[in-house]
Protein chains: 2
Amino acid sequence: MKEDKLPTIKEIAKQLNVSVSTVSRALHDHPGIGLRTKMRVQKLAQELDYEPNQTAIFFKQRKTFTIGVVLPNLKEEFFSEAINGIEEIAIQNKYSVLISQSKDEAEREKQIITTMKNNRVDGIIVSLAKHTVSYEHFIALKKYNIPVVFFDRVPTGPDFNKVYSNMNSGTREAIEFLIDKGHRRIGVLNGPEEMKSSKERTETYKQVLVKKRLKIDLGLVASTDLTREGTFKAMEALLSQRPKPTAILAINDYIALDAMLYARQQRLKINKDITFVSYANLPITSYLETPPMASVEQYPFKQGAKAAEILIDLLKKEDKPAKPGDPETFQNVVINGQLVVHSKR
Amino acid sequence: MKEDKLPTIKEIAKQLNVSVSTVSRALHDHPGIGLRTKMRVQKLAQELDYEPNQTAIFFKQRKTFTIGVVLPNLKEEFFSEAINGIEEIAIQNKYSVLISQSKDEAEREKQIITTMKNNRVDGIIVSLAKHTVSYEHFIALKKYNIPVVFFDRVPTGPDFNKVYSNMNSGTREAIEFLIDKGHRRIGVLNGPEEMKSSKERTETYKQVLVKKRLKIDLGLVASTDLTREGTFKAMEALLSQRPKPTAILAINDYIALDAMLYARQQRLKINKDITFVSYANLPITSYLETPPMASVEQYPFKQGAKAAEILIDLLKKEDKPAKPGDPETFQNVVINGQLVVHSKR
DNA sequence: AAAGTTCCCGCAACCGTTTGCGTATGTGTC
DNA sequence: GACACATACGCAAACGGTTGCGGGAACTTT
């Protein structure tokens, strides 16, 4: 009943009594093929609904036109926004996107990278799992000529392509904003210490306080492992300081939300007894009755798009004969975070 | 400098002075290969870091071990949860997942399906764009032997595999819940009329009211196109009814949040002047000070997982010789939504 | 010792497409 | 009518791996 056999180039060739190479060339508008046969071929291809078998092409060309994306999860709007950026650029360049979640587990991340490598994705975009400390599995990709671009959660060291937002200026703005509002005891709800950004945040925090001639109290800096429980614990630690902090800078909007939840449980009025400022500026906060007073926008869409651009550029360059003497260079794009103030008072 | 050449089966064969077929079989633990050579081959493969070229295998086996997932967007937690379910099952079965967003545009959806078809994904899981009305591009996949499983936003008609949650029982529960709480004027914030679920919701709404002997006022049923503006408009319409509704059943949590936003702008107190009940029961609501009073849980993870299971089952069956007489059958799995009450009063 | 078995392994085709190279036919030139 | 030259197409190899089949060597059987 069903004809089961998909039309191939061979099929067309047979029906038209020409060779497969002629068909192939005709379909690609190769100049060496006469107009007459070119037309005949294209017409029949139309009629048969011929579509080239991409797997064959991938195999032959040693290219899959697929880029892999590995990120901690898809639930956070930051990442799904970033994917939008990636997809946008990918589609424009006729690339497909293979997405996988590390679930913030280093082991799983490694596994995913291996799979992607074997599937011969052309390149990979990564936002690291929160506890990833070893980058060997990424370095190993070099042997396979698979370029990697990191974004947001990027590794330290110069030997990587990366796109990330510079928290420092945003952090500075955020803290100065709070100080301007009269806050003197400002808590920091920081991420795990393995994350590069965590250290930087603490650093900038100290710098601003010094500059503003305020006392530094490291009891006001706490780490959460990004789980709700971890955040609650960190909040508990922060709120037990005396005098209590009147404002808190949280590593991202989700953590801020968890922190608010805890604060409410402690009968604190948000934006009155305690003020929050965080990072990311996610749409989710627009739904809230009491959003963080300000948020450092990190432009996830832009980050994703930029990472994709860099990757695709690399892929295009790869086709060209690399000049032998060329030292390998790495892109390092910094997108400045910017403080967005949500509420006036 | 860099050896550029990836190790292949040929390479191993040459180094060991055996044929490629022997190597291939040795690596697969084929019984027809002697223990000695099997060991030698496997050892060398190890040393060379040999990894089979999947693209070659895909091509040869006419199978890619990839399933495509098409859904409206990744931003909604419902969908990202569903993906988690899909990924879970996929990984267990050694499938990769190719994700693409239709952005709720029928045209883009069609485009994606075409690309996936050409990329020879083994099967596809789809949640329809909100205005998709023609299913031809899906039906066309049959010719390519690519099975499709729909979830959540499923097409009407019996000729499709689908997994969706039965809103009716949930809707019934939700409305009865509101009536029990004393509400008599219950508004419905429904989705676009193209969506099957919208019609059903209205239907069930009417049934319950009839059963409870309440007057039906269709002015209390409004449609939103799922954008924030659309929802505001619909809310405006609902709130202009007299007497005003005291409770609103919203098509999903996001819409409920938008609606609340509007209600607050109108100086209505949530859960006091006006009560919301919605669908999905997303984690996002756990962050809210005033979450919907109740929500119909739709088990996105389960839906995704189930869809993936069905698809993979189909793929496995495909390998087996299909009995010619067999009429094609379609799975139709219904997951009952269940009302989850958030706040007591 | 010849015949039959069993055990291992190699040969070669195949999947669908691309592409370098060779060649038949046609065109133009003197 | 012999020559060069372009034009239009075919041949065949290659990409990397899988698999049916066939066959040589070693071993068992009678």
Side-chain angles (χ1 to χ4, degrees), chain A residues 3-42 44-45 48-66 117-122 144-145 319, chain B residues 3-42 44-45 48-66 117-122 144-145 319:
Chain A
E3 354 208 340
D4 229 350
K5 281 297 146 234
L6 265 43
T8 71
I9 234 174
K10 272 184 197 164
E11 184 59 27
I12 299 182
K14 203 196 301 176
Q15 293 199 26
L16 258 44
N17 263 322
V18 295
S19 74
V20 287
S21 48
T22 300
V23 176
S24 173
R25 285 192 251 255
L27 292 173
H28 286 85
D29 233 12
H30 187 98
I33 301 296
L35 190 57
R36 254 197 76 76
T37 44
K38 210 178 272 186
M39 299 274 285
R40 287 175 64 216
V41 169
Q42 291 175 358
L44 183 57
L48 293 183
D49 263 343
Y50 168 79
E51 297 276 2
N53 181 337
Q54 295 292 352
T55 63
I57 296 177
F58 291 166
F59 169 52
K60 174 84 210 230
Q61 312 279 267
R62 294 127 155 281
K63 243 196 127 181
T64 58
F65 283 96
T66 301
K117 179 195 67 184
N118 292 344
N119 280 27
R120 303 290 196 270
V121 297
D122 291 346
Y144 288 78
N145 260 316
D319 298 340
Chain B
E3 352 208 342
D4 228 348
K5 279 300 146 231
L6 265 42
T8 69
I9 232 173
K10 272 184 197 164
E11 183 60 26
I12 299 181
K14 204 194 303 174
Q15 294 200 26
L16 258 42
N17 264 322
V18 295
S19 75
V20 286
S21 46
T22 300
V23 176
S24 173
R25 287 193 250 256
L27 292 172
H28 287 84
D29 234 13
H30 188 97
I33 302 296
L35 190 57
R36 254 196 77 76
T37 44
K38 210 179 270 184
M39 299 275 286
R40 289 174 63 216
V41 169
Q42 291 176 358
L44 183 57
L48 294 182
D49 265 340
Y50 168 78
E51 298 275 3
N53 182 336
Q54 295 291 352
T55 62
I57 297 178
F58 291 166
F59 169 50
K60 174 79 212 240
Q61 314 280 267
R62 292 123 160 286
K63 240 193 130 184
T64 58
F65 284 96
T66 301
K117 179 196 67 183
N118 292 346
N119 280 26
R120 303 290 196 268
V121 297
D122 291 346
Y144 288 78
N145 259 316
D319 297 340

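Since this is a predicted model, take the numbers as computed values, not measurements. Heavy atoms only: backbone and side chains are in, while hydrogens, waters and symmetry mates are out.
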For atom CG of A/N53 and atom P of D/dG16, their distance in whole Å: 17 Å

Over all atoms of both residues, closest heavy-atom pair of A/T64 and A/N119: CG2-O, 3.9 Å

Between P of C/dC9 and CG of B/L27, the distance in whole Å: 13 Å

Nearest-angstrom distance from the residue atom CD1 of B/I57 to C1' of D/dT19: 14 Å

Distance test, side-chain N/O of A/S19 to OP1/OP2 of D/dG10, below 4.0 Å: yes

Nearest-Å distance for atom pair CG/C1', residues A/N118 and D/dG16: 14 Å

Side-chain donor/acceptor of B/R25 to base of C/dG10, under 3.5 Å: yes

Of the listed nucleotides C/dC15, D/dT18, D/dG16, the one nearest the side chain of B/A56: D/dG16

d(CD1, A/I12; P, C/dG16) in whole Å: 13 Å

Nearest-0.5 Å distance, CD of residue B/Q42 to CD1 of residue B/I33: 10.5 Å

Side-chain N,O (B/K60) to OP1/OP2 (D/dC15) below 4.0 Å: no

Contact under 4.0 Å: A/S24 side-chain N or O vs C/dT17 OP1/OP2: no

Sugar-phosphate only, base, or nothing, as touched by B/V18 at under 4.0 Å among non-hydrogen atoms: sugar-phosphate

Sugar-phosphate, base or nothing in reach of B/T55, heavy atoms under 4.0 Å: nothing

Protein-nucleotide distance (A/Q61, atom CD; C/dT18, atom P), rounded to Å: 7 Å

Residue met sooner reading DNA chain D from 5', once A/S21 and A/P31 are mapped to nucleotides: A/P31

Nucleotide C/dT17, atom C1' - distance to CD of A/Q54 in whole Å: 11 Å

Polar side chain donor-acceptor pair, A/N118 to B/E51, under 3.5 angstrom: yes

Phosphate OP1/OP2 of D/dG16 contacted by A/R62 side-chain N/O (<4.0 Å): yes

Interatomic distance where CZ belongs to A/R36 and C1' belongs to D/dT7 [whole Å]: 16 Å

Ring-face cation of B/K60 near B/F58 (centre distance under 6.0 Å, axis angle within 45°): no

Nearest atoms (heavy-atom pairs only) where B/D49 meets B/P7: O-CG, 4.0 Å

Distance test, side-chain N/O of A/Y50 to OP1/OP2 of C/dG16, below 4.0 Å: no

C/dC15 base stacked by B/F59 (centroids within less than 5.5 Å, tilt under 30°): yes

Touch class at under 4.0 angstrom, heavy-atom based, for A/G34 against every strand present: sugar-phosphate

Between B/T22 and B/S19, a side-chain donor and acceptor under 3.5 Å: yes

N/O (side chain, A/K38) to phosphate O (OP1/OP2, D/dA8) under 4.0 Å: no

Phosphate contact (D/dC9 OP1 or OP2) by A/T37 side-chain N/O below 4.0 Å: yes

